[in-house]
Visitor: 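Provided herewith is a single structure, encoded as structure tokens, for subsequent inquiry.
Because the structure is a prediction, the values reported are computed rather than measured. We name chains A, B, ... by the order of the sequence lines, and we start the count at 1 in each one.
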Protein chains: 2
Amino acid sequence: MANRRPTLETVAARAGVSRATVSRMINDQPVAPPSRRAVERAIAEVGYVPNQAARSLVTQRTGLIALVLPESSTRVFSDDQFFPRLIQGVSQELETADEQLVLMLAGSAASRDRIERSAVAGRVDGVMLASLHGTDPLAVALAKSGIPVVSNERVLGPVEVPSVGVDNRGGARAAVQQLIVSGRRRIATITGPSDMIAGMDRLDGYLDAIGDAQEPVVAAGDFTRTSGEVAMERLLSEEPGIDAVFAASDLMAEGALHVLRQSGSRVPGDMALVGFDDITRARYTEPPLTTVRQPIDGLGRHLASQLLHLISDGAVEPQLTLPTELVVRDSS
Amino acid sequence: MANRRPTLETVAARAGVSRATVSRMINDQPVAPPSRRAVERAIAEVGYVPNQAARSLVTQRTGLIALVLPESSTRVFSDDQFFPRLIQGVSQELETADEQLVLMLAGSAASRDRIERSAVAGRVDGVMLASLHGTDPLAVALAKSGIPVVSNERVLGPVEVPSVGVDNRGGARAAVQQLIVSGRRRIATITGPSDMIAGMDRLDGYLDAIGDAQEPVVAAGDFTRTSGEVAMERLLSEEPGIDAVFAASDLMAEGALHVLRQSGSRVPGDMALVGFDDITRARYTEPPLTTVRQPIDGLGRHLASQLLHLISDGAVEPQLTLPTELVVRDSS
DNA sequence: CTGAAAGCGCTTACAG
DNA sequence: CTGAAAGCGCTTACAG
């Protein structure tokens, strides 16, 4: 067929109108019905699709949104499905806005550099940051560059970045309270990474709930299954008095459960166990795991919608917190 | 600072050279040392980053590669980590080529339409297809449009699409042969979806291995854990004579294991069990699962590199098959 | 509602 | 090695 893709010019000539008229049609601006019909027909006949680069050049919009993930993050490629679910939510929202998703993994220093350049080069209309650790220099640099940025957690550092998070603290508090109400006397926690908001807030929720009732018993983890195993082993040997554990992720709870089974502890008889996330497998463990459900796809959707608002209006909630929900199963 | 981003013009003026010279520098073409120094300095001083849209408009290259995933695919958002690992591999390869990844989920008819238009509109330089089912019209349409396309599985339909796959058949064959060698007499299989290459090939591998030694015993599954449970229940009630099961995915093997435990069957004593994938959890099941490892990140890397070749050279292997490897643990 | 024209920010023969 | 100039394919005031 045609050797090169048809342009606006092709369509205009064929329809007997100017390029401006065709352009207006494509952009849903008013066009007289007769011209409209002629143009529609010409478009269909030649199979015209507007060239995005040319459009972007004049509109300064690319129709592209970046999702930046620190590849090193334990969560990104872990078993908890955080990453795919987040993407699912984000995609759903971007779909309605006809924006497309560019995935950028910020693993190495080189890739972080590349991401920063891309963003500054106007390659994308905005950036979503997810699961950052500590005070991330990339987050700071992007925020300072003036490109619209949102984050799934409060950004630590000398910048103001709108964030959409889940109620980590409230969820953790509810989990531990349920343990207290059901009669547990000495409750330990296995924490997430101390440099992540999710890790910090879930620990704070634990501390909120136990209050002065007991001394806090804290074992450090990093959200992974292995870290849950190690922490549980430590708790068993160093804190023989505990009768309940709140693990800040389901993966860690799974690891803890494994260790408990090995050691002959009965769950929930000898030891109650609560996780956080409500991953698919939580209902399949033995016994099924009590946990705190967080709306990851909702997080993705809100993250995207906040960013889209920021891009078009410029106005947006500085901080949005989505509710979490305690799901009681058999492990507590 | 500056109100608008600096352009080539800005840099050229500041360095006292023409725009062409600056452009050549950016594109690594020869430039006399004195000019070079002046330009480098000007770039640094104004913080110049080339505008990608303008570049794309003239070069007809976007630096963007699409990864298209049918959202409905059981594998995309399943627990087997296929999706994140594939992306990891793809990203790694694209990184070296300085291309960026656009993720397109082909869930609805609308999104498929959008994907096709995007590709045709030259929004991306090429497309990777993953985990398609049956004869996918989108795959066919993309291939026909002339845009470079590769797929992670052989594409069924009236088009020629270069593919990069794993040796599903050989892996399945090896798994079943090991069962035979270890003395199992009546081996069943739980299959993947019959409209996916991975499902079809693993079944063929099973059939290869049992040959005429026994009647095939086949229970249909769709790679998910639940389908593995259902299939195992059916096998237990309808095929009491079996002493081994080859499940075409680890998730299905996990489901089967669960059912076996419930029913009091001992693994591997009463029933040997082999999976496929070697997901992280395979080594944590009770007993640890014998399985066939497939190199998912390698798949991603090769998929990307094949596409990059196709885009630049136009030449590429029509079909690449990566080896799989039997990992013997305790379940068989 | 419509068209002529300028301009978005680059790259690339072409001539020197 | 370098510059002047054309051109990539759109959108958008501007004037009518």
Visitor: Working to the nearest 0.5 Å, report the span between OG of A:S118 and CG of B:L64.
Guide: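 If I round to the nearest 0.5 Å, the distance is 9.0 Å.
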Visitor: Could you check whether A:D113 pairs with A:R117 (Lys NZ or Arg NE/NH1/NH2 to Asp/Glu carboxylate O, under 4.0 Å)?
Guide: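 No.
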Visitor: Could you report the tightest heavy-atom contact between B:V149 and B:L307, atom names first, then the distance?
Guide: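 That would be N-CD1, 4.2 Å.
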Visitor: Now, which nucleotide makes the Watson-Crick or G-U wobble pair with C:dA13, with each of the two distances under 3.5 Å?
Guide: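 Partner of C:dA13: none found under 3.5 Å.
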Visitor: Please measure how far the C1' atom in C:dT12 lies from the corresponding atom in C:dG16, and state the result in whole Å.
Guide: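 After rounding to an integer number of Å, I get 16 Å for this pair.
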Visitor: Return the pairing partner of D:dA4 with a 3.5 Å limit on both distances, Watson-Crick or G-U wobble; otherwise return none.
Guide: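 With both distances under 3.5 Å required, D:dA4 matches none.
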Visitor: Within the pair A:S35 and C:dC1, is there a side-chain N or O less than 4.0 Å away from OP1 or OP2?
Guide: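 Answer no for this pair, as no side-chain N or O of A:S35 is under 4.0 Å from OP1 or OP2.
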Visitor: Please report, rounded to the nearest Å, how far the P atom of C:dC1 is from the CE atom of A:M25.
Guide: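 These atoms are roughly 13 Å apart.
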Visitor: Would you call B:L105 and B:S111 a side-chain contact if the rule is heavy atoms closer than 4.5 Å?
Guide: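 Not touching, per the 4.5 Å side-chain cut-off.
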Visitor: Could you go step by step and tell me if B:R55 and B:N27 meet the side-chain hydrogen bond (donor to acceptor under 3.5 Å, both in side chains) rule?
Guide: CA-CA 11 Å; B:R55 262 181 138 160; B:N27 292 292; 3.1 Å; yes
Visitor: Just how far, in rounded Å, is P of C:dG9 from CZ of A:R123?
Guide: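 One finds 17 Å between P of C:dG9 and CZ of A:R123, rounded.
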Visitor: Return the value, rounded to whole Å, for the distance between atom CG of B:N51 and atom P of C:dG9.
Guide: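 In whole Å, C:dG9 P lies 7 Å from B:N51 CG.
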Visitor: Could you check how far CZ of B:R61 sits from C1' of D:dC8, rounded to whole Å?
Guide: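 Value for this atom pair: 16 Å.
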Visitor: Any chance you could list the contact pattern along nucleotides 11-16 of chain C? Use B for base contacts, S for sugar-phosphate-only contacts and - for none, protein heavy atoms under 4.0 Å, 5' to 3'.
Guide: BBB---
Visitor: Looking at side-chain heavy atoms only, is the closest gap between B:P162 and B:Q306 below 4.5 Å?
Guide: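 Side chain of B:P162 against side chain of B:Q306, heavy atoms only: no contact under 4.5 Å found.
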Visitor: Just N and O in the side chain of A:T21: are any of them under 4.0 Å from OP1 or OP2 of C:dG3?
Guide: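 Yes, within the criterion.
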Visitor: Toward the 5' end of DNA chain D, which comes first, B:A32 or B:L57, by nearest nucleotide?
Guide: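 First, find each residue's nearest nucleotide; the 5'-ward one identifies B:A32.
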Visitor: Between atom CD in A:E9 and atom P in D:dC8, what is the gap in whole Å?
Guide: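 Value for this atom pair: 10 Å.
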Visitor: Can you tell me how far P of C:dC10 sits from CD of A:Q60, to the nearest Å?
Guide: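 Taking CD of A:Q60 and P of C:dC10, I get 10 Å after rounding.
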Visitor: If the cut-off is 4.0 Å, is B:T7 near the phosphate of C:dG9, judged by side-chain N/O to OP1 or OP2?
Guide: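 Checking C:dG9 against B:T7, no side-chain N or O comes under 4.0 Å of OP1 or OP2.
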Visitor: Could you measure the distance from the CG atom of A:L69 to the CG atom of A:L103? Nearest 0.5 Å is fine.
Guide: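 CG of A:L103 is found 5.5 Å from CG of A:L69.
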